[in-house]
Number of protein chains: 2
Amino acid sequence: MIGNQEELVGPGALSRVTWALRRAELAVQTLKEKRLRPLGMVAAHYTLLMSVHSEPGLIGAELARRLNVTPQAVASLVTRLESRGQLERREHPRHRHVQELHLTDAGREAMHAADEVIADVERVITEALGSDAAGHLRALLNQVTDTVRDA
Amino acid sequence: MIGNQEELVGPGALSRVTWALRRAELAVQTLKEKRLRPLGMVAAHYTLLMSVHSEPGLIGAELARRLNVTPQAVASLVTRLESRGQLERREHPRHRHVQELHLTDAGREAMHAADEVIADVERVITEALGSDAAGHLRALLNQVTDTVRDA
DNA sequence: TGTGTCATGTCAAACGTTTGATAGTAAGTA
DNA sequence: TACTTACTATCAAACGTTTGACATGACACA
């Protein structure tokens, strides 16, 4: 019986859910980057701008936790976006050396342009699957996230 | 109407399938790394060993394509795994300066140990979802991959 | 028999991230 | 008030990957 399992290790591993998950995420991410490139933007920039847009005044450390990256990575991105005039740091009203992040008008504009591209990618997927299956997929993915998060 | 869409950009973006996909993949990957660390291995090593195991004699360039990384990244990993004695490069019988990759006994052992960990992560997920939903999820993910790949 | 074309593998440099360490600031506590 | 404790932000170094360029070797074709 052990022998059977041994022989199935190879092919079995390639048909795992986590493998399909990795491939799908990689494919989607690659497409996003490709579509975003003409706008002079990468997915990480879009994600950051979108996050700040949906929660204005977010601070760097909190943003790092939401995006699952290190604070330094956020700082690096923020510095770049700030130098482009798309994002600005403001002093936190209560904590002096804490910085709130806010979008500038240019930042909002860039974000909306990028969001159109991302929304289109989303649309391609949901149309191919059907809105019913797409909703099901989203629910299953969220369940995976919750399951794995406390494992 | 445009106004309505504008206001929905923020919250809408966070409920997208591609967002759920990213979060799930990130969570799964993080768990894998955490479980693999005690074995002195990272997910990239496991993936490479598993690929070579399932297709012995694979060459570097082909491996790079399968894993969606650059040949240089593969070479870097191969060099490390080779120095650990888990992988070996052999001269391709027909093409002299092409290198076939083969697992050593130590490599097979390490791969199996790692696979046990990965299989457990997979099991946690499939049990939480039920094997029925897990199969459905895998099918949906593959459909996403195929859809996005030629878009 | 040359010759062009393609693919593999390697080197070097640039880039972005993580890890580790440090300084500054606010809040809770003795 | 003084003193922890916790959190934020920043600097410096290490690490891994990508990008670009190059040499080698095999195959197809004139």
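Reckoned from all heavy atoms, side chains included, excluding hydrogens, waters and symmetry mates. A note on names: the letters A, B, ... follow the listed sequences, proteins ahead of strands, and every chain is numbered from 1.
Residues of residues 28-38 of chain B that place a heavy atom closer than 4.0 Å to DNA chain C do not occur. Proximity of residues 76-97 of chain B to DNA chain C (heavy atom under 4.0 angstrom from any strand atom) is restricted to B:Arg89, B:His97.
For B:Glu109, the CD atom counts as loosely surrounded, since its 6.0 Å shell holds 12 or fewer non-hydrogen atoms of other residues, nucleotides or ligands. When the shell of 6.0 Å around CD of B:Glu116 is examined, it contains 12 or fewer heavy atoms from other residues, nucleotides or ligands.
Looking at B:Arg96 and B:Glu91, no side-chain N of the basic residue comes within less than 4.0 Å of a carboxylate O on the acidic one, giving no salt bridge. Between A:Arg23 and B:Asp146, no side-chain nitrogen of the basic residue sits less than 4.0 Å from a carboxylate oxygen of the acidic one, so the salt-bridge criterion is not met.
Residue pairs meeting the salt bridge (Lys or Arg N to Asp or Glu O under 4.0 Å) criterion with at least one partner in residues 64-79 of chain B, sequence neighbours excluded, are B:Glu55-B:Arg66, B:Glu62-B:Arg65, B:Glu62-B:Arg66.
Looking at residues two or more places apart in sequence or on another chain, you find no side chain to side chain donor-acceptor pair (under 3.5 Å) involving A:Gln143. Residues satisfying the ring-ring contact (aromatic ring centres under 6.0 Å, His included) test with A:His102, not counting sequence neighbours, are none.
A nucleotide of DNA chain D counts as in contact with chain A when one of its atoms lies under 4.0 Å from a heavy atom; the first and last such, 5' to 3', are D:dT8 to D:dC11.
One hydrophobic cluster, built from ILVMFWY side chains closer than 4.5 Å, holds both A:Leu58 and A:Leu87. Residues B:Val42 and B:Val52 do not share a hydrophobic cluster, clusters being chains of Ile/Leu/Val/Met/Phe/Trp/Tyr side chains in contact below 4.5 Å.
Checked options A:Thr147, A:Val17, A:Thr18; the residue passing with B:Val28 is A:Thr18 (criterion: side chain to side chain contact (heavy atoms under 4.5 Å, CB included)).
In terms of phosphate contacts, B:Gln72 brings no side-chain nitrogen or oxygen within less than 4.0 Å of OP1 or OP2 of C:dA12.
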